[in-house]
Protein chains: 2
Amino acid sequence: MSEAADIAPVDGLLGQGDEVGTVAKFFRALGDPSRLRLLEFLLDGERSVSDCVAHIGLSQGRISTHLACLADCGYVHARREGRWCYYRVTDPRVAELVMLARALAADNCTALDACERIDAPATAPRRM
Amino acid sequence: MSEAADIAPVDGLLGQGDEVGTVAKFFRALGDPSRLRLLEFLLDGERSVSDCVAHIGLSQGRISTHLACLADCGYVHARREGRWCYYRVTDPRVAELVMLARALAADNCTALDACERIDAPATAPRRM
DNA sequence: TCATAGTATCCGTCTTGGCGAATATGTGCA
DNA sequence: TGCACATATTCGCCAAGACGGATACTATGA
């Protein structure tokens, strides 16, 4: 088995080997409609957790977890101010990534929608 | 930054509403280490299913399903030639997407790896 | 100090989906 | 026409993880 056990996944320097799991995790973070919706909401600007709860419509606990997840993955950054916690997208490449994926998905949305091998959890409010 | 609502899907078929589920599905396709590994393998050039089985090490059935999934999502294109089926990445933006994600993930791989809210299923076998 | 409000974490439940193995489909060749 | 090979599909099993609700944590204000 080709494995890159010798390539150390150090910050800022991902080799070609074990990184796959890490990058997959990174992608998976956006593979959930609720988190993606959340991220797109934050692309508009900084928002508090309460703002997000109001906008997305999930329970506060769920939103908090999703935000923490996005933060862990490096998509957003948290800023505490008293009792409030504000989240925002800091890296412009995040918007780039989302736009690129949107464009690619749009070019294939018929097949994508029809694909039954993957069915993103129909969580969140199903469309409005 | 006020663009999230203005990004027009190229294809025109994706609105702002239900698109989130579609794009999430798109991301989720790369959220599995096996599929991501597969895609990166195909970024190197056209490969047959057998090539992929040999390279990835999963069962043939699994590989076939993963490839079909990547094809449905528009990441790769299948070309039949007799009994063989060759898969390849046609859109250069796919490589762009992967590279962008890699760079972002690399900048945050410590936190990413530590994030227990998402645990991408380890590649082939289970974690040890 | 206590009450309150904003946020984070824990827990039980239930669905998604990845896995190998078995099997079906399809193509080329004798 | 039947066998062999390449690929696709189906099935049962089981873990990841998304959900709401309950609860813990923390900062502000009285």
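Numbers restart at 1 for each chain; the letters A, B, ... are given by sequence-line order, proteins then strands. Just so you know, these numbers come straight off a predicted model, no measurement behind them.
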Next item on the list: Nearest whole angstrom, please: distance from the C1' of D/dA6 to the CZ of B/R79.
Entry: 15 Å
Next item on the list: May I have the distance from B/R83 (atom CZ) to D/dA6 (atom P), rounded to whole angstrom?
Entry: 6 Å
Checklist line | Where at least one partner belongs to residues 67-86 of chain B, residue pairs that pass salt bridge (charged side-chain N to carboxylate O under 4.0 Å, His left out), sequence neighbours excluded | finding: A/R117-B/D72, B/E46-B/R79, B/R79-B/E81
Check: What's the CZ-P distance between A/R117 and D/dA8, to the nearest Å?
Finding: 9 Å
Next item on the list: Please report, rounded to the nearest Å, how far the P atom of D/dG17 is from the CG atom of A/L70.
Entry: 14 Å
Next item on the list: Rounded to the nearest angstrom, tell me the gap between atom NZ in A/K25 and atom C1' in D/dA16.
Entry: 12 Å
Next item on the list: Please state how far atom CD1 in B/I118 lies from atom C1' in D/dA16, giving the value in whole angstrom units.
Entry: 10 Å
Item checked: Side-chain donor/acceptor contact of A/Q60 with base of C/dA8 under 3.5 Å -> yes
Next item on the list: On DNA chain C, check which nucleotide each of B/C69 and A/A68 is closest to and give me the residue with the more 5' one.
Entry: A/A68
Margin query: Using whole Å, what does the distance between atom P of nucleotide D/dC25 and atom CZ of A/R80 come to?
Written below: 14 Å
Checklist line | Taking every non-hydrogen atom, the tightest pair across B/I118 and A/K25 | finding: O-CE, 2.7 Å
Item checked: Phosphate OP1/OP2 of C/dA8: any A/S64 side-chain N/O under 4.0 Å -> yes
Note to self: It should be established whether A/R28 places a side-chain nitrogen or oxygen under 4.0 Å from OP1 or OP2 of nucleotide D/dG17.
What the structure shows: yes
Check: Are any non-hydrogen side-chain atoms of A/L97 and A/L30 less than 4.5 angstrom apart?
Finding: yes
Next item on the list: Select from B/E116 and B/G61 the residue whose nearest nucleotide in DNA chain D is closer to the 5' end of that strand.
Entry: B/G61
Margin query: With nearest nucleotide decided by heavy atoms, which residue, A/E81 or B/C85, maps closer to the 5′ end of DNA chain D?
Written below: B/C85
Next item on the list: Please tell me which of the listed nucleotides, C/dG18, D/dG20, C/dT7, lies nearest to the side chain of A/L58?
Entry: D/dG20
Margin query: So, OP1 or OP2 of D/dG17: does either fall under 4.0 Å of a side-chain N or O from A/H66?
Written below: no
Checklist line | Short side-chain N/O contact from A/Y87 to OP1 or OP2 of C/dG6, under 4.0 Å | finding: no
Check: Between C/dT4 atom P and A/W84 atom CH2, what is the distance in whole Å?
Finding: 16 Å
Notebook entry, point to check: Looking only at heavy atoms, what is the nearest atom pair of A/V76 and A/L39, with distance?
Noted result: CG1-CD1, 3.8 Å
Next item on the list: Check whether any side-chain nitrogen or oxygen of B/S34 sits under 4.0 Å from OP1 or OP2 of C/dG18, and answer yes or no.
Entry: no
Check: Hey, is the side chain of A/T65 poking within less than 4.0 Å of OP1 or OP2 on C/dT9, counting only N and O atoms?
Finding: no
Margin query: Just N and O in the side chain of B/R62: are any of them under 4.0 Å from OP1 or OP2 of C/dA21?
Written below: no
Checklist line | A/D32 side chain near A/H66 side chain, heavy-atom distance below 4.5 Å | finding: yes
